[in-house]
Protein chains: 2
Amino acid sequence: MTEDLSPQAAGRRVGIADVAARAGVSLGTASKALNGRGNLREETRARVRAAAEELGFAPNTNARSLLSGRTFTVGIITTDSYGRFSIPVMRGAEDSLAAGEMIAFLCDSRDDPIREQHHLRKLLERRVDGIIVAGRRTDERRPLGRDLPVPVVYALAPSSDPDDCNVVSDERGAARLAVDHLVKTGRRRIAHITGPHSHASARERADATIEALAGHGLRLVGEPYFGSWTEAWGRFAAAQLLRAHPDVDGVFCGNDVVARGVTDGLREAGVSLPMQVGVVGVDNWALVAEAARPPLTTVDLGLEEIGRRAAELLIAAIDGHPQPGRHVVAGHLVVRES
Amino acid sequence: MTEDLSPQAAGRRVGIADVAARAGVSLGTASKALNGRGNLREETRARVRAAAEELGFAPNTNARSLLSGRTFTVGIITTDSYGRFSIPVMRGAEDSLAAGEMIAFLCDSRDDPIREQHHLRKLLERRVDGIIVAGRRTDERRPLGRDLPVPVVYALAPSSDPDDCNVVSDERGAARLAVDHLVKTGRRRIAHITGPHSHASARERADATIEALAGHGLRLVGEPYFGSWTEAWGRFAAAQLLRAHPDVDGVFCGNDVVARGVTDGLREAGVSLPMQVGVVGVDNWALVAEAARPPLTTVDLGLEEIGRRAAELLIAAIDGHPQPGRHVVAGHLVVRES
DNA sequence: TTGAAAGCGCTAACAC
DNA sequence: GTGTTAGCGCTTTCAA
């Protein structure tokens with residue numbers, strides 16, 4: 001007789017005891033058969049497996065972890081409501097986790113420390129094996145907590161404690177990739193338009209831009225243009241730049257949104273792209289980069305890879321091989337037409 | 001003596017037995033004290049609570065659910081890698097779930113039925129109390145499975161089985177809101193530019209547009225322009241539209257990306273916005289709507305609300321009050337300058 | 001090769 | 001008021 005699996009029958013589910021009874025063996029034997037442990041006659045194993053199949057038996061992971069002490073779950077706490085940055089990170093993380101038969105609990109802290117602590121407590125009550133904290137900005141953040149009973153890995157936004165395990169993007173490398181590309185395509189008078197000076201990524205990329213240019217024996221055209229991460233700022237800054245330095249022939253932008261604004265600003269000022277001026281962005285945000293005219297050449301920071309690495313490092317830590325410190329994931333240039 | 005809570009000490013965590021010992025009471029008493037059950041002296045309760053506090057006791061949810069049969073977890077299966085549409089849905093769902101002390105497992109099926117079934121099995125093994133399936137398109141999808149032991153709610157993409165519980169956006173209402181707004185602001189010659197005819201949402205919005213116009217005694221200018229959900233299509237279609245119907249004074253676009261393309265196309269053809277032509281989009285995708293020139297008036301489909309409703313309906317179903325059928329969530333107009 | 005029994009951390013009857 | 005015991009579903013000794 002087949003179990004009734006109608007939606008309301010959630011209460012009574014088939015357990016290993018049912019399988020054992022059906023196969024005419026003891027409970028322990030059924031367990032061994034299904035898990036490939038112990039020494040059993042092949043025929044017994046087959047009989048148990050058949051019974052499990054027939055009854056649609058699904059082992060109760062929770063009961064199992066009660067004994068093993070491991071739940072094969074991790075918590076992912078994001079600070080930005082699964083926005084632009086955490087999404088790829090989460091997807092990468094899920095990738096690596098699934099490979100280890102693990103699954104993630106989702107927690108959105110909305111940048112609220114109170115909420116974050118609440119989630120932390122709930123995750124610990126559920127006995128997660130570890131926690132990934134996915135940030136939105138590359139600025140340092142305060143640690144999740146001290147002396148936590150499970151390992152924690154910070155993705156994108158590193159913890160201010162250098163002994164924590166952090167996986168971060170290569171901000172300086174991104175600037176280098178962009179500058180190298182501009183120089184390689186013949187640009188010599190290169191400017192930098194970016195976001196707010198208060199953002200670590202804006203500052204770091206600006207510094208690294210100057211340094212990378214120096215490596216080519218070049219100087220930045222004007223000062224870095226700090227502003228906001230908006231198209232409007234990009235358009236505005238482009239106009240300003242053109243007025244101050246009409247001979248500019250390359251612009252590295254702090255991100256794609258700004259870069260799109262810059263391309264619009266330049267184009268509307270009569271500059272022909274990419275002939276007169278080359279533009280490079282950062283993020284490889286398809287929606288923005290592909291819609292720009294011309295489509296943007298940009299640096300992909302490898303967010304998904306950051307998620308994957310974070311999950312791998314977390315799993316390693318769970319397995320007793322913590323690797324504290326700063327793990328830098330390299331980005332790569334995506335060449336389009338700009 | 002305080003427990004060592006260093007990352008590697010995950011094995012031995014303080015349990016309710018430790019708390020009981022520390023407070024000098026029996027295990028059962030400690031349980032009652034911490035859960036507010038039974039009749040205990042207030043002093044005893046306090047003593048137990050103090051002990052729990054001191055030891056940093058966190059109850060093991062899994063052990064608890066082993067007994068209660070409920071895990072207070074749900075699975076969220078998304079088909080689109082937490083993209084544009086599932087994100088707000090997930091956030092809304094998490095909102096409602098948290099209110100019921102529930103937490104969500106994250107599963108990304110990437111539109112792959114095999115992967116989806118794999119996740120389903122894993123979720124059932126973990127004894128989730130229910131499942132939310134969050135889609136990307138409003139087209140119907142095949143059901144997750146038949147005779148599942150837990151309730152399922154479909155968000156955004158409804159199941160093809162009308163007896164399933166679906167929470168969907170109000171596609172026709174969105175078109176009505178847009179048309180009403182255009183008419184109210186004095187537009188009379190209104191066209192419709194949208195995405196691919198193969199998308200249910202494009203077809204439904206187009207139909208409803210014609211109907212809504214008829215309600216005002218108006219007829220659509222030309223046929224609906226079906227194309228793709230891209231800016232380039234929006235620009236192209238705007239130019240075409242202008243050539244065929246130079247006197248058009250309003251355009252309702254199938255989504256914000258197309259609408260942004262349309263505004264660019266019109267503006268670049270010398271049309272002054274919003275004076276000569278009014279444009280309305282759908283999605284209220286801030287990034288796109290705010291960056292457009294002028295910023296887009298658009299219909300917000302209430303995706304977050306869809307997520308919230310879905311979670312509420314799921315919780316109701318878990319509590320034995322299933323509400324099968326199609327639950328339509330109303331959108332609202334967000335007026336900007338276009 | 002299989003079965004019986006103990007126990008993972010907790011709650012809920014029932015005794016005292 | 002508080003302690004004792006059984007048992008949730010499973011794995012794992014150890015005995016047969």
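Fair warning: this is a prediction, and the values are worked out from it, not measured in the lab. Numbers restart at 1 for each chain; the letters A, B, ... are given by sequence-line order, proteins then strands.
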No-hydrogen, no-angle side-chain donor-acceptor test under 3.5 Å, R127(A) and N62(A)
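No, no side-chain donor-acceptor pair sits under 3.5 Å.
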
Tell me yes or no: between the side chains of S68(B) and S65(B), is some donor less than 3.5 Å from an acceptor?
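No, because no side-chain N or O of S68(B) sits under 3.5 Å from a partner of the opposite role on S65(B).
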
For [X] and [N], what is the distance between atoms [atom1] and [atom2] respectively, to the nearest whole Å?
{"X": "R126(A)", "N": "dC8(C)", "atom1": "CZ", "atom2": "C1'", "value": "18 Å"}
{"X": "D18(A)", "N": "dC10(D)", "atom1": "CG", "atom2": "C1'", "value": "13 Å"}
{"X": "I16(B)", "N": "dC8(C)", "atom1": "CD1", "atom2": "P", "value": "14 Å"}
{"X": "N60(A)", "N": "dC8(D)", "atom1": "CG", "atom2": "P", "value": "12 Å"}
{"X": "L66(A)", "N": "dC8(C)", "atom1": "CG", "atom2": "P", "value": "9 Å"}
{"X": "F72(B)", "N": "dC8(D)", "atom1": "CZ", "atom2": "C1'", "value": "15 Å"}
{"X": "L34(B)", "N": "dA12(C)", "atom1": "CG", "atom2": "P", "value": "13 Å"}

Which dot-bracket string describes DNA chain D (Watson-Crick N1-N3 plus N6-O4 or O6-N4, or G-U N1-O2 and O6-N3, all under 3.5 Å; [ ] crossing; | other strand)?
||||||||||||||||

Phosphate-side-chain proximity, [X] and [N], N/O vs OP1/OP2 below 4.0 Å:
{"X": "R37(B)", "N": "dT11(C)", "answer": "no"}
{"X": "N62(B)", "N": "dG9(C)", "answer": "no"}
{"X": "N35(A)", "N": "dT11(D)", "answer": "yes"}

Give me the distances for all protein-to-nucleotides 2-5 of chain D N/O pairs that come in under 3.5 Å?
unit_1, atom_1, unit_2, atom_2, d
dT2(D), OP1, R41(B), NE, 3.3
dT2(D), OP1, R41(B), NH2, 2.6
dT2(D), OP1, T44(B), OG1, 2.9
dT2(D), OP2, R41(B), N, 3.0
dT2(D), OP2, T44(B), OG1, 2.8
dG3(D), OP2, S26(B), N, 2.8
dG3(D), OP2, S26(B), OG, 3.4
dG3(D), OP2, T29(B), OG1, 2.8
dG3(D), O6, K32(B), NZ, 2.6

Taken in chain and number order and not counting sequence neighbours, the residues that satisfy salt bridge (Lys or Arg N to Asp or Glu O under 4.0 Å) with E101(A) are K122(B)

Sorted by chain and number, sequence neighbours left out, salt bridge (Lys or Arg N to Asp or Glu O under 4.0 Å) with R49(A) holds for E42(A)

Please tell me if the side chains of [X] and [Y] come closer than 4.5 Å, counting only heavy atoms from C-beta onward.
{"X": "L303(A)", "Y": "F85(A)", "answer": "yes"}
{"X": "V74(B)", "Y": "L314(B)", "answer": "yes"}
{"X": "H327(A)", "Y": "Y154(A)", "answer": "no"}

Can you name the one residue among R141(A), R110(A), R121(A) that meets salt bridge (charged side-chain N to carboxylate O under 4.0 Å, His left out) with E116(A)?
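It is R141(A), the one option of R141(A), R110(A), R121(A) that forms the salt bridge (charged side-chain N to carboxylate O under 4.0 Å, His left out) with E116(A).
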
Return the set of residues passing ring pair (Phe, Tyr, Trp, His ring centres under 6.0 Å) with F105(B) (not counting sequence neighbours), or none when no residue passes.
F105(A)

Count the heavy atoms of every other residue, nucleotide or ligand shown that sit under 6.0 Å from CD of E53(B), and state whether that count exceeds 12.
no

For the side chain of S31(A), counting heavy atoms from C-beta on, which of dG9(D), dG7(C), dT12(D) is nearest?
dT12(D)

Can a salt bridge be assigned to the pair R136(B) and D111(B) using a cut-off of 4.0 Å between side-chain N and carboxylate O?
yes

Under a 4.0 Å heavy-atom cutoff, the residues of residues 117-125 of chain A touching DNA chain C are none

